[in-house]
Amino acid sequence: MSVSNAPQNEPQGASVLLVRLFLLFVFIVLVGMLIPRKAMKGDESQASDRAKQILPASVAIGEDYNQRGQLIERGRVVYNRYCAGCHGIEGDGNGPATERLLVKPRNFLTGAYKFRSTRDLQLPLEEDLHRTITRGLPGVSMPAFPFMPEQEKTAVIQYIKSFYPNWDEEAPDREIVHVPLPPKDFGDDETTELQVKRGRIVYLTMRCWQCHGTDGAGTGASTAVVDTGDKFGKIPPRNFTRARFRGGMTPQDIYRTIHTGLHGAMPPYGGNPDLSQNPILLAMQQLIPSLTDYMHEGELESLAEATKAFPADYNAVMAMSDAEKRQQIERNTWDLVAYVLSLRQGGGKPTAKPNTTPVKPNNGEDYGDDDYGN
Ligand code: HEC
Ligand code: HEC
């Protein structure tokens with residue numbers, strides 16, 4: 001019996017096992033489908049709560065609200081995947097990686113941004129955030145995301161804005177600081193030497209050396225670090241001979257940085273409608289001999305030709321029309337940009353060609369890649 005039963009029992013046992021396995025499989029699939037649903041639901045309502053908080057009552061109805069709410073929800077997913085490790089789930093700059101970073105990730109709750117096209121202490125444009133995310137910030141851990149799809153960038157920008165409760169209130173006050181196109185001869189072989197010399201004079205008269213050193217590498221600087229308090233902590237001024245700039249390396253990027261300033265880390269030198277007060281305008285022939293303490297030996301003589309490009313004295317500055325003042329400010333700034341770019345180690349003459357190469361992405365893996373980059 002046992003011999004004849006055995007072949008019958010075997011397939012029976014096998015099919016019971018199969019049915020059980022199948023039921024178990026169905027169970028696992030069902031549970032698997034339920035769990036993420038539940039988790040997502042919680043997250044979604046959290047994100048739409050945030051959307052409600054930041055939207056003015058008039059917008060919080062109908063299409064606009066739904067669209068923006070959806071965008072913020074999508075942005076939340078992107079943010080939690082790529083940004084929260086450093087900037088923190090709550091946007092407060094306290095992600096798990098922060099402890100190991102010398103330059104702390106931005107705290108998005110404060111609304112304080114350094115790399116903007118807007119006037120001092122104002123919120124950045126969405127375009128500025130887009131640039132920071134796409135190019136990253138060289139010298140610090142902030143990675144570049146050149147391949148992130150545009151939709152995800154738009155969504156994550158919307159999401160990080162939502163961390164700052166006064167965004168909608170303050171955004172309409174933003175004023176763009178004008179950045180013109182570089183002059184046609186910028187970086188030309190024939191003109192570079194003179195541009196750099198004039199830029200050197202602007203650098204000295206504007207006292208950039210107080211923070212960046214008389215040679216742009218920190219030598220003789222009276223300010224070793226700028227203390228921005230809770231905002232960004234203590235920041236050493238950039239060393240122009242070795243660092244890549246976070247706000248970008250194109251002539252226009254550097255022009256913008258000088259005029260907008262860096263939200264307390266560096267003063268703004270443009271954007272003030274009162275042109276007569278603009279320190280960029282106040283480089284004058286009369287001042288130049290008094291700056292020899294900050295010059296190399298024999299430098300004053302070598303700058304003699306370049307000196308002629310500046311108004312004689314304060315009266316000559318004040319006698320200029322607004323258009324002339326504006327022109328002089330622009331010229332002085334381009335010369336200053338040429339000078340700053342000329343300091344890069346290994347020479348490198350300034351170029352008017354925009355540098356479109358994205359900053360090397362580190363995909364956030366190497367959280368320790370951070371040397372202050374000053
Ligand atoms: C590996 C760490 C790290 C990751 C990941 C990271 N960041 Fe950053 N981020 C930083 C640091 C550090 C700073 C501050 C740099 C400074 O102050 O010079 C910063 C600054 C910023 C700023 C402020 C720039 C300004 O103008 O002040 C923005 C915007 C930003 N990050 C967006 C993002 C977004 C969006 C993501 C994800 C897609 C992201 N970051 C991922 C480290 C990181
Ligand atoms: C009060 C000190 C101070 C003065 C004065 C100052 N800077 Fe700066 N500058 C800084 C600090 C600090 C940084 C670095 C900011 C950071 O890392 O976030 C910086 C950074 C820069 C950068 C690089 C920004 C980037 O994108 O990475 C440029 C370019 C620059 N300064 C140019 C100038 C010029 C030109 C002048 C004179 C007109 C000047 N600075 C005057 C403190 C100063």
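Nothing fancy with the numbering, it's 1 onward along the sequence. Atoms within a ligand are numbered from 1 in the order they appear, just like the ligands themselves.
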Counting heavy atoms only, which of [options] is nearest [atom]?
atom: atom 8 (Fe) of ligand 2; options: Arg246, Arg238, His212; answer: His212
atom: atom 12 (C) of ligand 1; options: Val103, Thr98, Leu262, Leu102; answer: Val103
atom: atom 20 (C) of ligand 1; options: His87, Met148, Arg131, Lys104; answer: His87
atom: atom 23 (C) of ligand 2; options: Trp209, Phe232, Phe245; answer: Phe245
atom: atom 4 (C) of ligand 1; options: Cys86, Ala84, Ala144; answer: Cys86
atom: atom 33 (C) of ligand 1; options: Lys231, Met142, Lys161, His263; answer: Met142

Checking the side chain of Thr98 only, and the main-chain atoms of Cys86 only, is there a donor and an acceptor separated by less than 3.5 Å?
yes
Would a distance-only check, ignoring hydrogens and angles, find a side-chain to backbone donor-acceptor pair under 3.5 Å from Thr292 to Met295?
no
Report the distance from atom CZ of Phe245 to atom CZ of Arg344, rounding to the nearest 0.5 Å.
8.0 Å
First locate atom OG1 of Thr257, then atom CD of Gln252, and finally report the distance between them rounded to the nearest 0.5 Å.
11.5 Å
Exercise: identify the closest heavy-atom pair between Tyr269 and Ile280:
O-CD1, 3.3 Å
Numbered atoms of ligand 1 (with element) below 4.0 Å of [X], judged on heavy atoms:
X: Leu137; value: 15 (C), 20 (C)
X: Ile133; value: 35 (C)
X: Leu129; value: 29 (C)

Contact with ligand 1 for Pro124, non-hydrogen, under 4.0 angstrom
no
Can you tell me if an N/O/S atom from Thr257 lies under 2.8 Å from atom 8 (Fe) of ligand 2?
no
Side chain, backbone, both or neither: which part of [X] has a heavy atom under 4.0 Å from ligand 1?
X: Ala97; result: neither
X: Phe108; result: side chain
X: Phe145; result: side chain

Any idea which atoms of ligand 2 are less than 4.0 Å away from a heavy-atom of [X]?
X: Ile258; value: 35 (C)
X: Cys211; value: 1 (C), 2 (C), 3 (C), 4 (C), 5 (C), 42 (C), 43 (C)
X: Val226; value: 2 (C), 12 (C)
X: Ala265; value: 10 (C), 11 (C), 12 (C), 42 (C)
X: Met206; value: 38 (C)

Members sharing Ile176's hydrophobic cluster, built from side-chain contacts under 4.5 Å between Ile, Leu, Val, Met, Phe, Trp and Tyr, are Leu125
Applying a strict 4.0 Å limit to heavy atoms, is Phe240 in contact with ligand 2?
yes
Within the structure, is a non-hydrogen atom of Gly139 found at a distance of less than 4.0 Å from ligand 2?
no
Indicate the ring-plane relationship of Phe232 and His263, choosing parallel, tilted or perpendicular according to the 30° and 60° boundaries.
perpendicular
Would you call [X]-[Y] a salt bridge at under 4.0 Å N-O?
X: Lys325; Y: Asp274; value: no
X: Asp168; Y: Arg68; value: yes
X: Lys153; Y: Glu150; value: yes
X: Arg81; Y: Glu152; value: no

Does Pro236 approach ligand 2 within less than 4.0 angstrom via side chain, backbone, both or neither, non-hydrogen atoms only?
backbone
I would like to know whether His87 and Phe108 meet ring-ring contact (aromatic ring centres under 6.0 Å, His included); could you show each step before the answer?
CA-CA 8 Å; His87 292 283; Phe108 295 128; 4.5 Å; yes
Do the non-hydrogen side-chain atoms of Thr154 and Ile157 ever get within less than 4.5 Å of each other?
no
Under 3.5 Å between any N/O of Gly247 and any N/O of ligand 2: does that happen in this structure?
yes
Do any nitrogen or oxygen atoms of Tyr269 come within less than 3.5 Å of a nitrogen or oxygen of ligand 2?
no
Glu330 versus Tyr255, side-chain donor and acceptor atoms under 3.5 Å:
no
Taking everything shown except Glu297 itself, do over 12 heavy atoms lie less than 6.0 Å from its CD?
no
Would you say Arg106 and ligand 1 have an N/O pair spaced under 3.5 Å apart?
yes
Do any N/O atoms on Lys114 end up under 3.5 angstrom from N/O atoms on ligand 1?
yes
